[in-house]
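Here's the structure we're looking at; comments come further down.
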Amino acid sequence: MSKNINPTKAVFSDQADSVSLEVVIISDNLSTHCDLYWNMKDASGIDRLNGNMSITGTDYDTWGGDNDYPYAYVATKLGLTLLPDS
């Protein structure tokens, strides 16, 4: 699943804007730590930039099981704006 983002250049040299963000949970110990893989794609579905991120501490406690939280967390850390689901 992916979420639409405000179109942005993943890297300065990009010709195409990234328009979607995918976030996949790699591992979660269900109490204190979660590892994520994230991927920004352009409108053609081509990968523009990806990486890994962890949710721990207070951020993990704030999660509360909301399926949208990992997207919001990654978007905030990357300085992206999520668009409303259509």
Side-chain angles (χ1 to χ4, degrees):
M1 184 173 153
S2 66
K3 297 275 186 183
N4 291 330
I5 58 174
N6 194 33
T8 188
K9 301 277 187 238
V11 292
F12 181 74
S13 60
D14 271 353
Q15 297 298 313
D17 286 338
S18 292
V19 297
S20 68
L21 174 68
E22 293 181 340
V23 177
V24 177
I25 296 172
I26 300 169
S27 66
D28 186 350
N29 72 2
L30 302 178
S31 63
T32 62
H33 184 94
C34 177
D35 292 315
L36 307 169
Y37 169 79
W38 59 266
N39 187 18
M40 292 170 60
K41 293 186 174 217
D42 67 19
S44 298
I46 296 173
D47 297 346
R48 304 311 300 175
L49 187 65
N50 59 55
N52 295 302
M53 198 173 289
S54 296
I55 303 176
T56 60
T58 304
D59 293 324
Y60 189 93
D61 295 339
T62 302
W63 184 349
D66 178 2
N67 290 337
D68 289 331
Y69 185 80
Y71 292 97
Y73 182 82
V74 171
T76 298
K77 294 293 183 185
L78 296 177
L80 303 172
T81 302
L82 293 174
L83 300 177
D85 292 335
S86 50

Listed partners of Asn6 passing side-chain hydrogen bond (donor to acceptor under 3.5 Å, both in side chains), at least two apart: none

Shared hydrophobic cluster for Leu36 and Tyr69 (ILVMFWY, side-chain gaps under 4.5 Å): yes

Enumerate donor-acceptor pairs with a distance under 3.5 Å from any side-chain N or O in residues 20-29 to protein atoms, sequence neighbours excluded.
| residue | atom | partner | partner atom | Å |
| --- | --- | --- | --- | --- |
| Ser27 | OG | Asp35 | OD2 | 3.1 |
| Asp28 | OD1 | Leu30 | N | 2.7 |
| Asp28 | OD1 | Tyr60 | OH | 2.5 |
| Asp28 | OD2 | Tyr60 | OH | 3.4 |
| Asn29 | OD1 | Ser31 | N | 2.9 |
| Asn29 | OD1 | Thr32 | N | 2.8 |
| Asn29 | OD1 | His33 | N | 3.0 |
| Asn29 | ND2 | Thr32 | OG1 | 2.9 |

Inter-residue atom distance Ile46.CD1 - Asp42.CG, 0.5 Å rounding: 4.5 Å

CG on Asp68 to CH2 on Trp63, rounded to 0.5 Å: 11.5 Å

Gap between atom OG of Ser54 and atom CG of Asp59 - 0.5 Å precision: 11.0 Å

Value rounded to 0.5 Å, distance of CG in Asp61 from OG1 in Thr56: 9.5 Å

CH2 on Trp38 to CG on Leu78, rounded to 0.5 Å: 4.5 Å

With sequence neighbours excluded, residues passing side chain to side chain contact (heavy atoms under 4.5 Å, CB included) with Thr8: Ile5, Met40, Leu80

Asn4 CG to Lys41 NZ distance, which is reported to the nearest 0.5 Å: 13.0 Å

Shortest non-hydrogen contact from Pro70 toward Ile55: CA-CD1, 4.5 Å

Minimum-distance pair of heavy atoms, taken over all atoms of Pro7 and Asp17: CB-OD2, 3.7 Å

More than 12 heavy atoms of other groups within 6.0 Å of Asp66 CG: yes

